[in-house]
Amino acid sequence: MARVRDFGGEPAVTELLERSGVRRSVAELSDIVNWISYDEAVALWRTGAAITHHPQFARAVGEDAARRLNGSPVATLLRSLGSPEAVYSQIATTAAKYSTVAHLEAVTSGPGFAHIRATPADGFQRSAEHCAWTCGLLSQPAMLFGLPAATVEHECCAAFGAPACEYHVTWSAEDARSGSESSVQIGILERQLEAMKERLQSMFQTASDLIGAGQLEDVLARIADRAATEVRAPRYLLAIRMPGSEELHLHHRGLEPGEAERHAEHLLERHPRQLPDSWLAVPVRSNRHDYGRLLAMYDTGTTFFPQERELLEVYARYAASALDSATALLEAQRRYRQSSALLGLARALATAGTSQEVAQRLAEAVPGVVDCDRVGTYLWDSARGELVRGALNQVGGGEPVLASEHSSWTPSAGSILDRLVADPQPDPLFLDEANGDPQLRKMFRAAGFAATIIVPLAAPGRLLGLLAVSVYDAPHRLRPASDLLDRLSGVAAQATTALQNGELVDQITYQALHDQLTGLANRVQFTTGLRGAVHDARGTRQDVSLFYIDLDRFKPVNDEYGHEIGDQILAAVGARLKGCARTTDVVARLGGDEFAILVAAQSADDLVELPNRIQAAFRRPFRVAGHEIRLGASVGRSVFPSDGEDAEALLRHADAAMFEAKRHRREPPALVADSPTGG
């Protein structure tokens, strides 16, 4: 390309690519690290010759290519061999740095001469252009040692039917003969020292490049790029696993993605002695971690110089040091994120009030501490004997298709949940395809999870709840390593304290909103619920009904039997009224012997039946402490919006309706009929 550009400028380069049919870019073809196919090379040689009218274009390009590589690490390596005859004597390995479509061997070699034989590799047919290009390459090694270019005679050519190409190479040894033997040796030593200096500079540059890279992917990309510069081969592969991760990081040149993955598996799983001779594989390893392997490879039986292995090993150690730095940085960043998440969790839990709020804050904060796809918090309800789901967080949004969804768990006798309830232990339970309690594994597998960790939340001797952290894929993310368990232990400790505080808030909140005698809603909760129902009904125009209930002649019961019996009757009345209402209705004790029922979004049948059920509830006597006591009830009703536009107006209307009903009762109920049997 340089020769074509010198001949005709950029238009000639464009013409070269168009006429040759080569689809690679100018930048790609200009980079000495890249390799191209044999057909592409032949097409470029032939087209270049036609454009420049140069009869020996391919040979000249061979000379140029060698000169270009003379300024690369390849030249440093070749100069370290010590002399031109040493380079030619190892031509089988040397030539592979330039081309892999022919096998070259040194038939004979000595000071000032070498006889080289070239045989086409399997699947390749020797072309006249390739033979000429080879002549150009073979003329250049002498120049690495300060000598004039060698003379190459192409005595026999496989492109014209011969079984192999025969090259006779000679170069001038006048400099060596004109000086003393010691001066020749000094010159050789000087050139070797220069080669060592160049290699050392390259290593320092490599270290500088790697240390300068910040992100992990940048570090890995630079490792692969520098490898392709330092040790010349058609294909490269860097296969890395970072500590604590199963994810395989691959960077490669000359390989398709699927091919790179297959080679990576082969590279990491087998001992180096089991790898092909044409593979140069070195470990990327430091004192802290074994990260993986770095590979330079040929497809054929071509081998590498011992110096190349040494160079790649030194370079891989630099790479491992850079990865140590990247690992330390990633670890520091991860710990910072986790510490921030734990601090955020602590702040969130500190502002949570009820147990339900704690459960919600916990589900929202855990994904910042643990890499997961779904978090569920479950609270132990001792009254129901169940673990009830308090909150669910689908990380990243969206709801996957689940075969099963559990809003509560009822521990079966002898199950692991049953044992946790009886004797709560803080140790997390790990579940995946092969590990963990079979019953829980089946349940979570049905929900689509690849792995789950269940973290008990327990106070001394008492289960408060469970935290279920799950992933849909990559189960290694929840492998119970010490670091993950430490983080979960921190989460559990904070959550346990918050839930204990939440229980106190629950109790205080319950007492503030419920009547202590009957367990029904008190006036505060009832009025709040009524206001909310009226607000919701304004938009839907649905009716809201309020039933106000006052016991008839309850005062004589208190006077006759005392307040203790009276309180028991009030509790029994509350239970009967609750039995008359639906689960969606609000039943309240407003004070004394006054009760109320709030009915929202009801049907016409409900409004007719509810008063009948209330009256029927009072036809049966109340049996309390050996006494059978009969009571009646007066019921008043108001309806939004016809009887009032707000909660206060509805209460006043229902209260007035109740007194009107009480005034019109025709005969008072019998007061007391003592039961001789009691009960």
Side-chain angles (χ1 to χ4, degrees), residues 244-248 334 337-338 341-342 345 356 358-381 386-412 414-421 424-458 463-492 494-496 499:
S245 171
E246 291 294 319
E247 183 181 0
L248 185 62
R334 184 180 62 81
R337 290 194 300 269
Q338 292 168 356
L342 285 171
L345 173 62
Q356 184 64 42
V358 172
Q360 185 63 46
R361 303 278 177 87
L362 189 60
E364 292 170 354
V366 164
V369 183
V370 180
D371 179 18
C372 60
D373 299 322
R374 194 172 174 94
V375 179
T377 52
Y378 296 81
L379 304 178
W380 175 247
D381 189 329
E386 289 183 334
L387 281 160
V388 181
R389 189 174 67 204
L392 194 63
N393 181 13
Q394 177 68 36
V395 182
E399 289 292 331
V401 177
L402 299 179
S404 176
E405 184 69 79
H406 298 275
S407 59
S408 63
W409 297 341
T410 302
S412 56
S415 68
I416 191 167
L417 292 180
D418 188 45
R419 295 196 297 273
L420 268 177
V421 173
Q425 298 296 323
D427 301 328
L429 308 175
F430 177 72
L431 311 169
D432 64 6
E433 287 291 334
N435 301 285
D437 178 74
Q439 182 181 2
L440 291 179
R441 280 166 50 196
K442 181 179 179 181
M443 181 172 67
F444 278 90
R445 188 168 58 249
F449 301 125
T452 296
I453 285 187
I454 295 177
V455 184
L457 306 175
L463 184 68
L464 302 176
L466 294 177
L467 177 67
V469 182
S470 304
V471 294
Y472 292 109
D473 54 27
H476 66 269
R477 291 185 286 163
L478 291 184
R479 181 175 289 111
S482 58
D483 176 66
L484 175 62
L485 296 178
D486 287 345
R487 280 178 275 145
L488 289 174
S489 176
V491 170
Q494 293 190 42
T496 298
L499 284 175

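Residue numbers start at 1 and run along the sequence shown.
Side-chain contact check for L362 versus L467: some heavy-atom pair is nearer than 4.5 Å. No side-chain heavy atom of D418 sits under 4.5 Å from any side-chain heavy atom of S412. Inter-residue side-chain proximity for L485 and P428 is flagged as met; some heavy-atom pair is nearer than 4.5 Å. Residues V366 and V491 have side chains in contact (heavy-atom distance under 4.5 Å, counting atoms from C-beta outward).
Scanning all heavy atoms of the two residues, the minimum distance from S470 to T452 falls at OG-OG1, 2.8 Å. P456 and L466 get closest at one heavy-atom pair: CA-CD2, 3.6 Å. Residue T377 comes nearest to A359 through the heavy atom pair OG1-O, 3.2 Å, listed as atom of the first residue, atom of the second, then distance. Between P424 and V421 the shortest heavy-atom distance is CD-O, 3.9 Å. Contact between L431 and L440 at its shortest, heavy atoms only, is CD1-CB, 3.8 Å. Between A451 and F430, the closest heavy-atom pair is CB-CE1, 4.3 Å.
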>> Evaluate L392 against V375 for side chain to side chain contact (heavy atoms under 4.5 Å, CB included), listing each step before the verdict.
In response: CA-CA 6 Å; L392 194 63; V375 179; over 6 Å; no
> Are R477 and D373 close enough, and set up right, to give a salt bridge (charged side-chain N to carboxylate O under 4.0 Å, His left out), and what steps lead you there?
Replying inline: CA-CA 10 Å; R477 291 185 286 163; D373 299 322; 2.7 Å; yes
> Could you go step by step and tell me if V469 and L478 meet the side chain to side chain contact (heavy atoms under 4.5 Å, CB included) rule?
Replying inline: CA-CA 8 Å; V469 182; L478 291 184; 4.2 Å; yes
> Are L387 and L379 close enough, and set up right, to give a side chain to side chain contact (heavy atoms under 4.5 Å, CB included), and what steps lead you there?
Replying inline: CA-CA 5 Å; L387 281 160; L379 304 178; over 6 Å; no
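Looking at R487, its side chain does come within 3.5 Å of a backbone N or O of V369 through a donor-acceptor pair. No donor-acceptor distance shorter than 3.5 angstrom exists from the side chain of R374 to the backbone of V471, with no hydrogens or angles considered. Without hydrogens or angle criteria, S415 side chain to P411 main chain gives no donor-acceptor distance under 3.5 Å.
Y378 contributes atom OH, which lies 12.5 Å from atom CG of L457 (distance to the nearest 0.5 angstrom). Annotation: the span from Q356 atom CD to L499 atom CG amounts to 10.5 Å, rounded to 0.5 Å. Taken from CG in L429 to CG in D437, the straight-line distance is 8.0 Å, to the nearest 0.5 Å. Note that CG of D432 is 10.0 Å distant from CD1 of I453, once rounded to the nearest 0.5 Å. Atom CD of E433 and atom CZ of R441 lie 7.5 Å apart (nearest 0.5 Å). Taking CG of L417 as the reference point, atom OG1 of T410 lies at 9.5 Å (rounded to 0.5 Å).
Under 3.5 Å, the side chains of E364 and Q360 contain a donor-acceptor pair of N or O atoms.
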